[in-house]
There are 2 protein chains.
Amino acid sequence: MPVKAGERLDPEATKTRILAAASDVFIRRGIHAVGINEIAEAAGASKLTIYKNFGSKDGLVEAVLTDRTRRVRAWHEQAVEQAETGRDRILAVFDLVATWYAEAGFRGCAMMNAATEDRGRDGTPRQLAQDHLNFYRDLFSRLLSEAGVRDPETTARQLVVVLEGATLISAVDRDPGLGAEARAIVETLLDAA
Amino acid sequence: MPVKAGERLDPEATKTRILAAASDVFIRRGIHAVGINEIAEAAGASKLTIYKNFGSKDGLVEAVLTDRTRRVRAWHEQAVEQAETGRDRILAVFDLVATWYAEAGFRGCAMMNAATEDRGRDGTPRQLAQDHLNFYRDLFSRLLSEAGVRDPETTARQLVVVLEGATLISAVDRDPGLGAEARAIVETLLDAA
DNA sequence: GCGAGATAGTACCGATCGGTCTCATCTAAC
DNA sequence: GTTAGATGAGACCGATCGGTACTATCTCGC
């Protein structure tokens, strides 16, 4: 049957709903592993609507990743602002991801996963993943600078290695304990910096 | 035409040749992105031979990953043995991967990539990736123990985070500099341990 | 040289892929 | 009420997927 009775006919809400459903299923099962039909079913939308809104599967993937990195950035910036001092602000990032690792269905960083899956094409997913890494570098660099660390860029890059390493291993091992491990590494690095 | 004239008819060599070709193309382009036909072409073998030897694509993937982890383990164990003292032996692992990052066509850790691509199925690739991580933990733990570090298991787990984080980021950014970054982090962690 | 096994080449199978299309039905604005 | 746009359902398309079958040709042990 056509549009669900009683539901608003809101193009923007439809787009958002598709984005949310596609994001969920891509993260859980993988981008290559999921077809448009499955996304349509998960979103409660038709293929027509998906292609009208996003043009192609690649377009949908790009929209999902762009939306994802935007949300993650806002998420981190908000968490950082709620912490007091420089060092606590940095640790707040790792406390935040620790709660993320413990969520049911956690499957790692969507941006890195997409870049890994797309490694044969060198396309938009990898570029967005690089931008995502650079966001973390800039964020850490700013916080380290505020904390009075000399050479904040170098330490910032090290923190990104720890962050993504912990995220990857937590996903592979399905082990939320990587949050605490990452935090311990970061404290050692901050002590030394 | 059938078997190439002048070439030996050696089933074991054929199997090895398929394994090598599949490994190369899987790493470079991704497991899901590559079909059996392409592997057959790359290996200079027919699909019949592939299925006779490996049963299915999943069987081939498992064989490739098993072979891969075996080679990587031997590679690391050999490098470690050539170093002198405990601390140098640990750093030898990171010096080794630094040369790996600098290789043309480097695309990250095949085991983690496979687990990431297969995250929707929870199958053999993820199990092999976990075994691979445990190999690193055991290796580092042994070396740290020999170096007189207290609580070697904890530090070993931290080194694995750094190793896999650097490998992932080096692949995404195509930046061999992650080798030196990882080494610097490890030195800090060893100083603190 | 003869038979057994390994292999290449290729056609083929059903399923699924990304993507297009048609049609009926809904909502929203007037 | 009428109309335009949004949508769902699903048939359809060509391509490709993993996997099988068949045939001809090669090598090797005897």
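Since this is a predicted model, take the numbers as computed values, not measurements. Labels below follow one simple rule: chain letters A, B, ... track the order of the sequence lines, proteins then strands, and each chain is numbered from 1.
- Atom CD of B/E41 is separated from atom C1' of D/dT16 by 15 Å (rounded to the nearest Å).
- In this structure, B/Y101 contributes its side chain and B/D175 its backbone to no donor-acceptor pair below 3.5 Å.
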In sequence, state the C-alpha distance, the side-chain angles, and the governing distance for B/S170 and B/T167, and then conclude on side-chain hydrogen bond (donor to acceptor under 3.5 Å, both in side chains).
-> CA-CA 5 Å; B/S170 179; B/T167 301; over 6 Å; no

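- In this model, the phosphate group of D/dG8 is approached by a side-chain N or O of A/R17 to a distance below 4.0 Å at OP1 or OP2.
- Residue B/T14 places no side-chain N or O under 4.0 Å from the OP1 or OP2 atom of C/dA6.
- As a whole-Å value, the separation of B/N53 CG from C/dG5 C1' is 13 Å.
- Checking C/dG18, D/dG19, D/dG8 against every side-chain atom of B/Y51, the shortest atom distance belongs to D/dG19.
- Taking atom CG of A/L60 as the reference point, atom P of C/dG18 lies 10 Å away to the nearest angstrom.
- Residue A/T49 has a polar side-chain atom (N or O) positioned under 4.0 Å from OP1 or OP2 of D/dG8.
- If you check distances only, the side chain of A/K47 never reaches the base of D/dG10 with a donor-acceptor pair under 3.5 Å.
- Of the listed residues (A/D67, A/V72, A/T66), just one forms a side chain to side chain contact (heavy atoms under 4.5 Å, CB included) with A/R70, and that residue is A/D67.
- A/K52 places its NZ atom 11 Å from the P atom of C/dT22, with the value rounded to the nearest Å.
- No donor-acceptor contact under 3.5 angstrom links the side chains of B/N37 and B/E41, judged on distance only.
- Nearest nucleotide to the side chain of B/L48, out of D/dG8, C/dG18, D/dA21: D/dA21.
- Between B/F94 and B/F140, the distance from one ring center to the other falls under 6.0 angstrom.
- For A/R29 (side chain) and A/F26 (main-chain N/O), no donor-acceptor pair under 3.5 Å exists by modelled atom type.
- For the pair A/I50 CD1 and D/dA6 P, the computed distance is 16 Å after rounding to whole Å.
- Distance A/K15 NZ to D/dA6 P: 12 Å, rounded to the nearest Å.
- Within the structure, salt bridge (Lys or Arg N to Asp or Glu O under 4.0 Å) contacts touching residues 89-106 of chain B (residues at least two apart or in different chains) are B/R89-B/E146, B/D95-B/R183.
- Contacts of residues 20-40 of chain A with DNA chain C (heavy atom under 4.0 Å): A/V34, A/G35, A/I36.
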